[in-house]
Amino acid sequence: FWQLATFISDGWVPSLPRILEAFLDDLHDPVVYESIWITFRRILITFTASTLVGVFLGVGMALSKHLEALVRPVVVIGLAIPDPVYVIIAILVLGTEESSGLVAMTIALIPFVVNIVVAGVHARDLGLDEMSGVYRFGARRYLVEVVGRQITPALLAAARTSFAFSWKLVVLVEALSQPEGIGAQIYYAFRLLRPAEMIALALIFVLLMRAIDVLVFERLERRALAWR
């Protein structure tokens with residue numbers, strides 16, 4: 001099918017041998033690894049900030065009706081706004097500095113994390129809440145041993161969702177506004193009409209992100225849920 005697309009497009013769609021050649025060339029290019037590190041650092045910052053804020057806000061909303069009534073409309077609106085809109089507004093307001101993109105991506109991801117965490121907390125066993133009241137659990141012990149253990153699957157799902165959206169948004173922001181990073185390299189290849197290099201760079205990064213998901217998140221999930 002791919003070779004057919006190459007033939008029909010009269011060479012605009014690169015052939016698989018050309019993509020493989022570009023892939024191997026990129027693997028030996030130090031600039032590619034430098035770009036990957038820059039992008040990964042941005043992903044780590046965005047992922048950490050959005051996950052921490054989203055988890056704390058989500059737990060607070062689920063345990064407080066007043067806070068949920070106040071914040072829920074904002075979360076719904078945040079989920080409805082397309083992600084590129086956050087980026088464009090941040091660039092217009094804060095400029096094209098790296099920090100503006102990080103702020104925009106963090107704000108864009110928080111509603112997704114909040115939504116998952118709130119649903120997880122609401123699904124907890126209320127009977128265990130009554131038990132913790134009978135045994136007079138303190139607030140810290142209640143949150144850790146009663147709520148925390150029950151919402152572990154939701155926390156893991158929120159973290160994986162945040163990570164998945166983080167790297168997609170970071171690459172998009174780099175293509176739109178940053179001179180460095182894997183997204184900027186992909187856009188540069190696009191501007192020079194090098195589709196094979198563009199696809200090869202994207203493939204390298206996708207494989208790296210998939211490896212992180214398998215080696216980190218899947219292992220963490222198996223360990224955290226080993227008791228089930």
Side-chain angles (χ1 to χ4, degrees), residues 22-23 25-58 71 74-75 77-117 155 158-195 197-213 215-217 220:
F23 182 86
D25 289 341
D26 288 336
L27 288 179
H28 293 87
D29 188 354
V31 176
V32 172
Y33 292 98
E34 181 180 352
S35 298
I36 289 175
W37 166 245
I38 292 172
T39 300
F40 184 72
R41 176 178 58 81
R42 292 168 177 162
I43 291 172
L44 190 60
I45 294 172
T46 304
F47 163 73
T48 303
S50 60
T51 302
L52 289 177
V53 174
V55 167
F56 282 109
L57 187 58
V71 180
V74 179
V75 173
I77 294 173
L79 291 170
I81 297 176
D83 294 332
V85 174
Y86 289 102
V87 179
I88 294 172
I89 293 176
I91 292 174
L92 292 175
V93 175
L94 302 176
T96 58
E97 290 79 8
E98 181 181 18
S99 59
S100 64
L102 295 176
V103 170
M105 290 181 290
T106 300
I107 295 175
L109 291 175
I110 288 175
F112 292 95
V113 178
V114 169
N115 204 41
I116 295 173
V117 174
L155 295 179
R160 296 183 78 168
T161 300
S162 177
F163 180 75
F165 277 100
S166 292
W167 70 264
K168 294 176 184 178
L169 281 177
V170 166
V171 172
L172 173 63
V173 171
E174 289 177 343
L176 290 176
S177 64
Q178 297 299 318
E180 296 178 320
I182 201 71
Q185 292 295 320
I186 292 173
Y187 183 65
Y188 182 71
F190 171 77
R191 290 179 58 190
L192 295 180
L193 300 180
R194 298 175 180 172
E197 183 178 349
M198 182 178 66
I199 294 174
L201 287 168
L203 184 59
I204 290 173
F205 195 67
V206 168
L207 291 176
L208 176 61
M209 294 300 102
R210 177 54 183 163
I212 293 175
D213 182 72
L215 295 176
V216 177
F217 289 101
L220 181 62

How long is the straight-line distance from [atom2] of [Y] back to [atom1] of [X], given to the nearest 0.5 Å?
X: Glu34; Y: Thr39; atom1: CD; atom2: OG1; answer: 10.5 Å
X: Tyr187; Y: Leu176; atom1: OH; atom2: CG; answer: 8.5 Å
X: Phe40; Y: Ile182; atom1: CZ; atom2: CD1; answer: 13.5 Å
X: Ile199; Y: Arg194; atom1: CD1; atom2: CZ; answer: 14.5 Å
X: Gln185; Y: Glu174; atom1: CD; atom2: CD; answer: 9.5 Å
X: Leu169; Y: Arg42; atom1: CG; atom2: CZ; answer: 13.5 Å

Nearest heavy-atom pair of [X] and [Y]: which atoms, and what distance?
X: Ser166; Y: Thr46; value: OG-CG2, 4.0 Å
X: Asp26; Y: Ala200; value: OD2-CB, 3.5 Å
X: Pro84; Y: Leu172; value: CG-CD2, 4.1 Å
X: Leu44; Y: Thr48; value: O-OG1, 2.7 Å
X: Lys168; Y: Ala164; value: CG-O, 3.3 Å
X: Ala90; Y: Ser100; value: CB-O, 3.5 Å

When you look at Ser162 and Ser50, which way does the side chain to side chain donor-acceptor pair (under 3.5 Å) test go after all the steps? CA-CA 7 Å; Ser162 177; Ser50 60; 2.9 Å; yes
With side-chain contact (heavy atoms from CB on, under 4.5 Å) as the test, would you mind laying out the steps for Val113 and Thr161 before giving the verdict? CA-CA 7 Å; Val113 178; Thr161 300; over 6 Å; no
Please indicate whether Tyr188 has more than 12 foreign heavy atoms, meaning atoms of other residues, nucleotides or ligands, lying under 6.0 Å from its OH.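 No, OH of Tyr188 has 12 or fewer neighbouring heavy atoms, counting only those of other groups under 6.0 Å.
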Can you say whether the rings of Phe217 and Phe163 are parallel (under 30°), tilted (30 to 60°) or perpendicular (over 60°)?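 It falls in the tilted class, 30° to 60°.
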Using side-chain contact (heavy atoms from CB on, under 4.5 Å), reason through Met209 and Asp213 one step at a time and then give a plain yes or no. CA-CA 6 Å; Met209 294 300 102; Asp213 182 72; over 6 Å; no
Is any side-chain heavy atom of Leu27 closer than 4.5 Å to a side-chain heavy atom of Tyr33?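 Side chain of Leu27 against side chain of Tyr33, heavy atoms only: contact under 4.5 Å found.
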Any side-chain heavy atom of Val53 sitting closer than 4.5 Å to one from Thr106?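 Not in contact.
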Audit row: Leu208, Ile204, side-chain contact (heavy atoms from CB on, under 4.5 Å) steps and yes/no: CA-CA 6 Å; Leu208 176 61; Ile204 290 173; 5.6 Å; no
